[in-house]
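Notes for the one structure printed next.
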Protein chains: 4
Amino acid sequence: MTDGNMISRPRSGAAIEPDVPARRPPAGPRRRTEEVLAAAASVFAELGFHGATTQDIADRVGMRQASLYYYFVSKEAALEQVCQRGIEHIIGDTEAIAAGTGGATDKLAAIMRRHIEPLSENSASLRAFLHERRFLPKDARRRIARLARRYERIVENVVAAGMEAGELRPDLNPTLTMDAVLGICNAAAYWPGKERVGSMREIADGLVRLVLDGIAAPKAH
Amino acid sequence: MTDGNMISRPRSGAAIEPDVPARRPPAGPRRRTEEVLAAAASVFAELGFHGATTQDIADRVGMRQASLYYYFVSKEAALEQVCQRGIEHIIGDTEAIAAGTGGATDKLAAIMRRHIEPLSENSASLRAFLHERRFLPKDARRRIARLARRYERIVENVVAAGMEAGELRPDLNPTLTMDAVLGICNAAAYWPGKERVGSMREIADGLVRLVLDGIAAPKAH
Amino acid sequence: MTDGNMISRPRSGAAIEPDVPARRPPAGPRRRTEEVLAAAASVFAELGFHGATTQDIADRVGMRQASLYYYFVSKEAALEQVCQRGIEHIIGDTEAIAAGTGGATDKLAAIMRRHIEPLSENSASLRAFLHERRFLPKDARRRIARLARRYERIVENVVAAGMEAGELRPDLNPTLTMDAVLGICNAAAYWPGKERVGSMREIADGLVRLVLDGIAAPKAH
Amino acid sequence: MTDGNMISRPRSGAAIEPDVPARRPPAGPRRRTEEVLAAAASVFAELGFHGATTQDIADRVGMRQASLYYYFVSKEAALEQVCQRGIEHIIGDTEAIAAGTGGATDKLAAIMRRHIEPLSENSASLRAFLHERRFLPKDARRRIARLARRYERIVENVVAAGMEAGELRPDLNPTLTMDAVLGICNAAAYWPGKERVGSMREIADGLVRLVLDGIAAPKAH
DNA sequence: TATGAATGAGATTTCATTCAT
DNA sequence: TATGAATGAAATCTCATTCAT
């Protein structure tokens with residue numbers, strides 16, 4: 001299994017979403033919006049939406065609490081923006097991977113890595129998306145759910161394509177497989193706190209192999 | 001792969017922990033403790049620890065909010081008790097399964113079902129354990145973490161035993177495999193909200209097969 | 001100045017109100033009333049009326065909180081009874097002293113000692129009377145105030161008698177003098193917490209002398 | 001005994017600490033901190049720390065209860081600030097008096113007046129300091145106790161100096177004398193509620209004379 | 001763009017009290 | 001005589017939000 005190099009440069013230049021931009025872009029209006037949302041993301045991921053206070057966010061950007069309201073209209077709105085960023089980021093990259101030229105196993109490997117890495121490295125907005133989106137008000141929740149489904153469908157399609165190409169076992173249920181694949185990936189969100197053997201990357205590789213071996217079509221011989 | 005019938009009835013008679021007892025036990029002191037904790041569990045699971053109010057709990061037991069404090073000392077203490085129950089319940093059953101006489105695949109299948117079913121059927125305390133235990137104060141968190149590790153180790157040991165018996169692939173990493181297995185199971189916690197095809201049971205079965213095929217030792221022929 | 005021995009045995013046998021009876025009287029109804037009120041007194045003195053909870057009282061008698069209401073009708077009623085005991089105790093003794101046969105200086109010395117000693121030894125009900133009676137409801141406060149005035153008048157009369165007898169300076173204002181005398185005594189309530197030189201008794205003696213020298217009639221020569 | 005005029009104007013211009021400023025100072029940040037603490041002082045003095053509610057304080061400043069927390073961090077913190085102000089105020093003035101040029105009797109007279117007047121005129125923070133400081137949490141209590149000791153030592157030193165100068169009786173115990181002097185002064189805190197004969201000022205003068213006569217060195221003749 | 005001040009609405013927790021047993 | 005269970009009323013404190021500047 002190759003590394004799937006053609007997608008090793010995910011489209012979103014920001015390289016796996018650092019959440020706290022290294023250096024401020026030269027200028028431009030609403031410059032600090034990014035900072036604020038990154039702070040919100042990390043606070044929501046760490047403390048949970050309801051466990052986080054706007055003061056926590058303000059502390060992290062070095063701003064007064066009241067000033068935040070220049071950047072968002074309400075705490076809930078901030079959560080929506082954070083979730084949206086989390087999922088859109090990954091959607092963009094995943095679409096690029098899916099549109100690539102490799103085989104299904106390579107693609108799935110790349111997708112899993114793209115999903116696991118930011119999680120295990122504590123990327124805030126994806127974690128916030130995963131765990132906190134359920135606290136969004138109805139409408140926002142629906143909007144974010146649509147994005148989530150879009151993401152899932154990409155993965156599902158990759159699986160389906162792999163089955164048709166004879167690369168994956170023909171008896172898979174693509175939806176279920178997608179759920180299993182992403183389920184395993186999401187589990188990785190909880191690992192950094194554990195004393196695991198091996199680096200995160202080794203673990204991710206192990207996981208990828210484990211899953212792919214499970215769904216690969218039996219080798220003819 | 002057989003169904004592993006000998007363990008399909010988990011030891012704890014209460015069968016998948018109904019969380020809200022159908023009828024009150026005859027009498028005895030502190031009778032309503034169970035009721036109260038079950039209500040707390042379901043509210044925490046549904047709304048998140050910080051999103052839930054003690055009033056929510058009181059409403060669900062039909063008690064005044066202040067009266068709850070007769071049964072627990074603080075909201076956090078209630079969360080700890082809920083988490084403890086969630087994990088201890090499953091530990092008991094899983095130990096029984098692991099101590100059974102079947103093969104590793106059968107055991108893992110039973111374990112997965114035991115883990116998935118209450119989750120997908122909305123069992124409160126296990127969900128609360130999974131998602132809310134991180135909001136416990138340090139000490140309580142450590143106590144609960146010890147229980148969690150105990151559970152994981154049971155599963156891990158089943159995997160290792162299966163490998164030794166030649167029933168599972170010899171190149172597995174038992175810890176990693178356990179993580180993957182439980183990761184998939186936990187993912188099921190999010191499914192009830194989705195429009196899935198097929199009954200929960202079919203889905204669970206599909207998942208179980210998927211995973212076990214992935215880790216089963218290649219059939220000699 | 002002699003010790004005023006004729007009054008060294010105050011009338012109330014209980015010897016300066018131990019607040020916690022050494023051994024329970026053989027039997028009789030409402031036996032534990034004493035215990036309960038003593039506990040209330042010490043808790044009120046220590047924590048202040050509003051700072052003390054009925055639970056604190058219950059803890060000190062080894063009783064459940066609800067059981068206290070068998071002994072008093074409300075927390076405020078308990079305070080009134082405590083205050084009443086505190087002041088009546090001292091009134092009884094002080095009247096005995098005042099009715100004695102010695103001179104005014106001897107009597108005042110005895111009165112001061114009787115007032116200072118229980119305070120400095122942490123007697124609860126007198127302290128409660130001094131500091132907490134202001135939290136009584138209007139009517140109860142008036143009743144207790146009447147007792148307080150009675151006490152003050154005794155002391156005042158001793159002063160006046162001493163002036164008439166030529167034993168005290170003729171230019172004293174009896175009321176003011178009484179206030180000063182009791183003011184000094186009450187100050188002693190705060191001393192046990194301080195690192196003072198000398199035993200409490202030495203201090204009390206010093207105080208007594210100080211005051212009496214101040215108000216004694218100049219020795220003719 | 002002269003009036004000790006040179007010190008009759010205590011240094012702190014605010015003249016006996018009015019506690020509720022007549023008119024708001026022109027502007028500046030945190031303008032209302034003073035108002036809030038003055039209100040807290042008067043409420044604590046009147047109702048006792050535990051008997052007072054933050055709502056009482058808010059009512060007195062004309063602010064909503066929640067807004068108070070903009071000015072202090074907790075009710076206990078408010079009490080500490082109040083106590084600190086109460087004692088620091090008096091320390092400043094008393095140091096000025098003690099450093100003056102008159103004799104010990106003049107100085108003690110001035111000190112006593114400075115102590116008695118605000119008490120009898122209901123100055124809140126000094127009363128709060130006297131009666132409520134015992135409800136402070138340990139650390140704060142220690143800090144305030146240090147200030148209290150500083151005050152006492154000033155008075156003690158004045159007494160000692162007067163003894164050395166032959167102005168006060170040579171057989172006094174300076175500590176004890178200081179306790180007696182302040183004890184009498186503190187008693188005045190309870191007088192406004194009483195129907196006393198004469199104006200407060202006459203009473204204070206009477207007290208001062210009484211005490212000073214008691215400790216003055218016998219006039220040689 | 002940012003902030004100080006304030007507030008309304010609640011959250012958790014405490015506590016005196018009641019009452020059936 | 002005593003208690004377990006429950007409750008109403010409040011108390012302290014938190015927090016998202018507003019608004020004038």
Side-chain angles (χ1 to χ4, degrees), chain A residues 29-33 36 49-58 61-79, chain B residues 27-33 36 50-58 61-78, chain C residues 29-33 36 49-58 61-79, chain D residues 27-33 36 50-58 61-78:
Chain A
R30 305 284 159 104
R31 212 176 333 137
R32 305 191 66 189
T33 300
V36 167
F49 175 67
H50 284 117
T53 72
T54 53
Q55 184 63 60
D56 293 327
I57 304 176
V61 252
M63 204 179 250
R64 297 309 141 85
Q65 191 202 15
S67 313
L68 293 175
Y69 285 77
Y70 190 80
Y71 297 98
F72 51 69
V73 131
S74 73
K75 198 189 169 197
E76 277 173 344
L79 176 59
Chain B
R30 299 283 160 113
R31 213 175 330 151
R32 307 188 65 190
T33 301
V36 167
H50 285 118
T53 72
T54 52
Q55 184 62 60
D56 293 329
I57 304 177
V61 250
M63 204 179 246
R64 297 309 144 89
Q65 186 252 10
S67 311
L68 294 176
Y69 284 76
Y70 189 77
Y71 295 97
F72 50 72
V73 136
S74 71
K75 199 189 169 196
E76 277 174 345
Chain C
R30 304 288 159 104
R31 214 176 333 138
R32 304 191 67 190
T33 300
V36 167
F49 176 67
H50 284 118
T53 73
T54 53
Q55 184 62 61
D56 293 328
I57 304 176
V61 252
M63 203 179 251
R64 298 307 142 86
Q65 191 204 14
S67 313
L68 293 175
Y69 284 77
Y70 190 80
Y71 297 97
F72 50 70
V73 133
S74 73
K75 199 189 169 196
E76 277 173 344
L79 177 59
Chain D
R30 298 283 161 112
R31 215 174 328 150
R32 306 188 65 190
T33 301
V36 167
H50 284 120
T53 74
T54 53
Q55 184 63 59
D56 293 329
I57 304 176
V61 250
M63 205 180 245
R64 296 311 144 87
Q65 186 253 9
S67 311
L68 293 176
Y69 284 76
Y70 190 76
Y71 294 98
F72 51 70
V73 135
S74 72
K75 198 190 170 196
E76 276 174 344

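Atoms considered below: every heavy atom in the structure, side chains included; atoms not considered: hydrogens, waters and symmetry mates. Below, chains carry the letters A, B, ... as their sequence lines are ordered, and counting in each starts from 1. As the structure is a computational prediction, the values presented were derived from the model and not from experiment.
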Verify the contact: side-chain N or O of [X] to OP1 or OP2 of [N], cut-off strictly under 4.0 Å; return yes or no.
X       : N     : answer
C:Ser67 : F:dT1 : no
B:Arg32 : F:dA5 : no
B:Tyr70 : F:dA5 : yes

Nearest-Å distance for atom pair [atom1]/[atom2], residues [X] and [N]:
X       : N     : atom1 : atom2 : value
D:Met63 : E:dG4 : CE    : P     : 16 Å
B:Leu68 : F:dG4 : CG    : C1'   : 16 Å
A:Arg64 : E:dG4 : CZ    : P     : 5 Å

Taking all non-hydrogen atoms of both residues into account, name the closest pair between [X] and [Y] and its distance.
X       : Y       : answer
C:Ala78 : C:Phe72 : CB-CD2, 3.6 Å
D:Ala77 : D:Val73 : CB-N, 4.4 Å
C:His50 : D:Gly51 : ND1-CA, 3.3 Å
D:Ile57 : D:Val36 : CG2-O, 4.2 Å

Would you confirm whether C:Arg32, through its side chain, and C:Val61, through its main-chain N or O, come within 3.5 Å as a donor-acceptor pair?
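Flag set: sc C:Arg32 to bb C:Val61 pair under 3.5 Å.
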If only atom types and distance count, is the side chain of B:Lys75 paired as donor or acceptor with the main-chain N or O of B:Thr53 below 3.5 Å?
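No; zero donor-acceptor contacts below 3.5 Å.
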Between protein and nucleotides 13-21 of chain E, map the contacts as a letter string: B base, S sugar-phosphate only, - none, heavy atoms under 4.0 Å, written 5' to 3'.
BBSBBB---
If you define the side chain from C-beta out and look only at heavy atoms, does anything of C:Met63 sit under 4.5 Å from C:Tyr71?
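In contact.
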DNA chain F stem ranges, 3 or more consecutive Watson-Crick or G-U pairs under 3.5 angstrom:
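If one scans DNA chain F for consecutive Watson-Crick or G-U pairs, the stems found are E:2-21 with F:2-21.
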To the nearest 0.5 Å, tell me how far C:Gln65 CD sits from C:Gln55 CD.
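Going from the CD atom of C:Gln65 to the CD atom of C:Gln55 covers 5.0 Å.
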